[in-house]
Amino acid sequence: MEESMSGGWFERRTRAWSDWTVEQLVKAKQQADVSVSLVIPARDEAATVGGIVSRVHTDLVVGAPLLDEIIVMDSDSSDATAERAAHAGATVHRVADVRPDVGHHRGKGEAMWKSLFVASGEIIAFMDADLVEWDTHFVTGILGPLLTDRDVALVKGFYDRLLDQSGQVHTAGTTYEGGRVTELVARPTIALRWPELASVIQPLSGEWAVRRSLFEALPVPTGYGVEFGVLVDTYLRAGMDAIAQVDLGRRAHRHQPLRDLGAMATELLAVADRRAGVSTHPEAVEVRQFGTGEQRRYPITTMLSIAERPPAGRLAAPPSQTSCPPPAQSGAPDRC
């Protein structure tokens, strides 16, 4: 069944981070003559973002010329996320300040979409900002297929998940278990609608890399549906062999409460409905959950944005007629 569903894709397109050394990737980058940006979307991640940026900057900017820039997209943080990221070596952009002429949505996908207007790389790698057990091979691993195979346009990382609960890191369960939203929403949706994608081990992985030429051509969900949307759209646009996946080893991050996962699941289903051509959803949907107080249940209603951004490559230039990005929180010179 596996062979008939994916046509041997799993064997052709599944690699491990250890398949490439940093030196090999630097040489491949020079031969391909491409630039590489690392983008870290972050909101209230002061506890972890500085350490992540510092290690990557030391190893892959100063120690080896693999990355041309590290950009942190700050999504309305109320803590010291921006300051700590900039101090560690990142160029920091406040998401709301990037292309203000097109407005602003809150969400991870919005930060990633707007990064296209400030990042210079022809290859863009993404990492989450809440990692607590990881290493810089997360970056080299997801760049490997893109720097060594021109046919690959999107790379998804996968890993043995660990969870950080109250400072205690432990395994999530079975090997390569993808998380509650992955197992209960993403995988069943893929099995029913796009079964070839069932060979992708962690479709919602926050560590992934993409060619700018592809990402600029795709619509982008503004929230947590971004990884799922980009994966499905790449498959529909370019086929399975444009996608690769890389084993990154072990990854730990903070455990999210079930209520937050309900909102994520709703966003994911909205993304899937649009790509299956059955969507009648507006740009926002009412999500109702329930609390308990004084021995009574009461509804908790929130409006969840499920808006999507159009392909960035089709967006008209800003009214100012300039392609300059907004000022960044770093010592880097302006590119304009």
Side-chain angles (χ1 to χ4, degrees), residues 22 35-102 104-140 142-143 164 206-210 212 215 222 226 251-254 312 318 320 322-336:
V22 174
S35 54
V36 181
S37 301
L38 174 66
V39 173
I40 304 174
R43 182 171 184 267
D44 293 334
E45 301 292 357
T48 51
V49 70
I52 292 172
V53 170
S54 178
R55 286 169 62 183
V56 174
H57 187 268
T58 297
D59 288 1
L60 303 180
V61 176
V62 178
L66 185 63
L67 297 177
D68 295 283
E69 59 187 358
I70 302 172
I71 293 176
V72 168
M73 300 297 293
D74 182 26
S75 298
D76 305 315
S77 292
S78 60
D79 64 6
T81 291
E83 292 81 359
R84 293 185 182 180
H87 184 264
T91 299
V92 181
H93 293 277
R94 185 170 175 264
V95 175
D97 292 339
V98 177
R99 288 300 303 260
D101 57 299
V102 298
H104 175 52
H105 294 275
R106 293 184 65 176
K108 183 180 185 181
E110 175 83 348
M112 291 177 163
W113 182 75
K114 283 197 171 181
S115 75
L116 286 167
F117 302 105
V118 294
S120 62
E122 295 155 90
I123 294 175
I124 301 177
F126 293 102
M127 281 181 62
D128 284 342
D130 64 346
L131 303 179
V132 292
E133 181 168 329
W134 67 286
D135 209 334
T136 53
H137 70 263
F138 277 30
V139 180
T140 59
I142 57 177
L143 290 175
D164 182 12
E207 280 62 59
W208 55 286
V210 63
R212 171 187 286 273
F215 197 30
T222 58
V226 56
R251 178 192 194 271
H253 65 107
R254 287 195 299 276
S320 62
T322 177
S323 59
C324 296
Q329 296 185 41
S330 79
D334 291 337
R335 296 198 302 272
C336 300

Check: With a 4.5 Å limit on heavy-atom distance, are the side chains of R55 and D135 in contact?
Finding: yes

Next item on the list: Kindly write out the residues that satisfy salt bridge (Lys or Arg N to Asp or Glu O under 4.0 Å) with D79, not counting sequence neighbours, or none if the list is empty.
Entry: none

Next item on the list: Determine whether E207 and W134 make a side-chain contact, defined as any pair of heavy atoms from C-beta on separated by less than 4.5 Å.
Entry: no

Next item on the list: Heavy atoms only: give me the nearest V226-G109 pair and the separation to one decimal.
Entry: CB-CA, 3.7 Å

Check: How would you list, by chain and number, every residue that makes a side-chain contact (heavy atoms from CB on, under 4.5 Å) with V22, sequence neighbours excluded?
Finding: V26, L60, A64, T140

Notebook entry, point to check: Mind checking what makes side chain to side chain donor-acceptor pair (under 3.5 Å) contact with R106, not counting sequence neighbours?
Noted result: none

Check: What are the two closest non-hydrogen atoms of K114 and R99, and how far apart are they?
Finding: NZ-O, 3.9 Å

Margin query: With a 4.5 Å cut-off on side-chain heavy atoms, are M112 and V39 touching?
Written below: no

Note to self: Show the nearest heavy-atom pair for residues A111 and S75, with the distance to one decimal.
What the structure shows: CB-OG, 3.7 Å

Check: Going by atom types only, do S120 and E69 share a side-chain donor-acceptor pair under 3.5 Å?
Finding: yes

Next item on the list: Determine, step by step, whether F117 and V102 satisfy the side chain to side chain contact (heavy atoms under 4.5 Å, CB included) criterion, reporting the C-alpha distance in whole Å, the side-chain angles of both residues, the deciding distance to 0.1 Å, and the verdict.
Entry: CA-CA 12 Å; F117 302 105; V102 298; 5.9 Å; no

Item checked: From I52 atom CD1 to H57 atom NE2, the distance as rounded to the nearest 0.5 Å -> 15.0 Å

Note to self: Please find the pair of heavy atoms, one from V92 and one from A86, that lie closest to each other, and give the distance.
What the structure shows: CG2-N, 3.6 Å

Checklist line | Beyond-backbone contact of S115 with F126, side-chain heavy atoms, under 4.5 angstrom | finding: yes

Notebook entry, point to check: Would you call E45 and V72 a side-chain contact if the rule is heavy atoms closer than 4.5 Å?
Noted result: no

Margin query: Would you say that D76 contacts V95 through its side chain, given a criterion of any heavy-atom pair below 4.5 Å between the two side chains?
Written below: no

Checklist line | Any residue meeting side chain to side chain donor-acceptor pair (under 3.5 Å) with D128, in chain and number order, not counting sequence neighbours | finding: K108, R251

Check: For the side chain of T48 and the backbone of A129, is there at least one donor-acceptor N/O pair under 3.5 Å apart?
Finding: yes

Checklist line | Separation of L67 CG from I123 CD1 (nearest 0.5 Å) | finding: 10.5 Å

Next item on the list: Heavy atoms only: give me the nearest A209-L143 pair and the separation to one decimal.
Entry: CB-CD2, 4.3 Å

Next item on the list: Answer yes or no: is there a side-chain heavy-atom contact under 4.5 Å between E110 and H104?
Entry: yes

Check: To the nearest 0.5 Å, how far apart are CG in D97 and CG in D74?
Finding: 9.5 Å

Check: So which heavy atom on A46 is nearest to which on T81, and how close?
Finding: N-OG1, 3.1 Å

Notebook entry, point to check: Just by modelled atom types, is the S37 backbone N or O under 3.5 Å from a matching donor or acceptor in the D68 side chain?
Noted result: no

Check: Can you check whether L116's main-chain N or O pairs, donor with acceptor, with R212's side chain at less than 3.5 Å?
Finding: yes

Check: Listed by chain and number, what are the side chain to side chain donor-acceptor pair (under 3.5 Å) partners of S35, not counting sequence neighbours?
Finding: E122

Next item on the list: State which residues pass side chain to side chain donor-acceptor pair (under 3.5 Å) with H137; sequence neighbours excluded, sorted by chain then number.
Entry: none

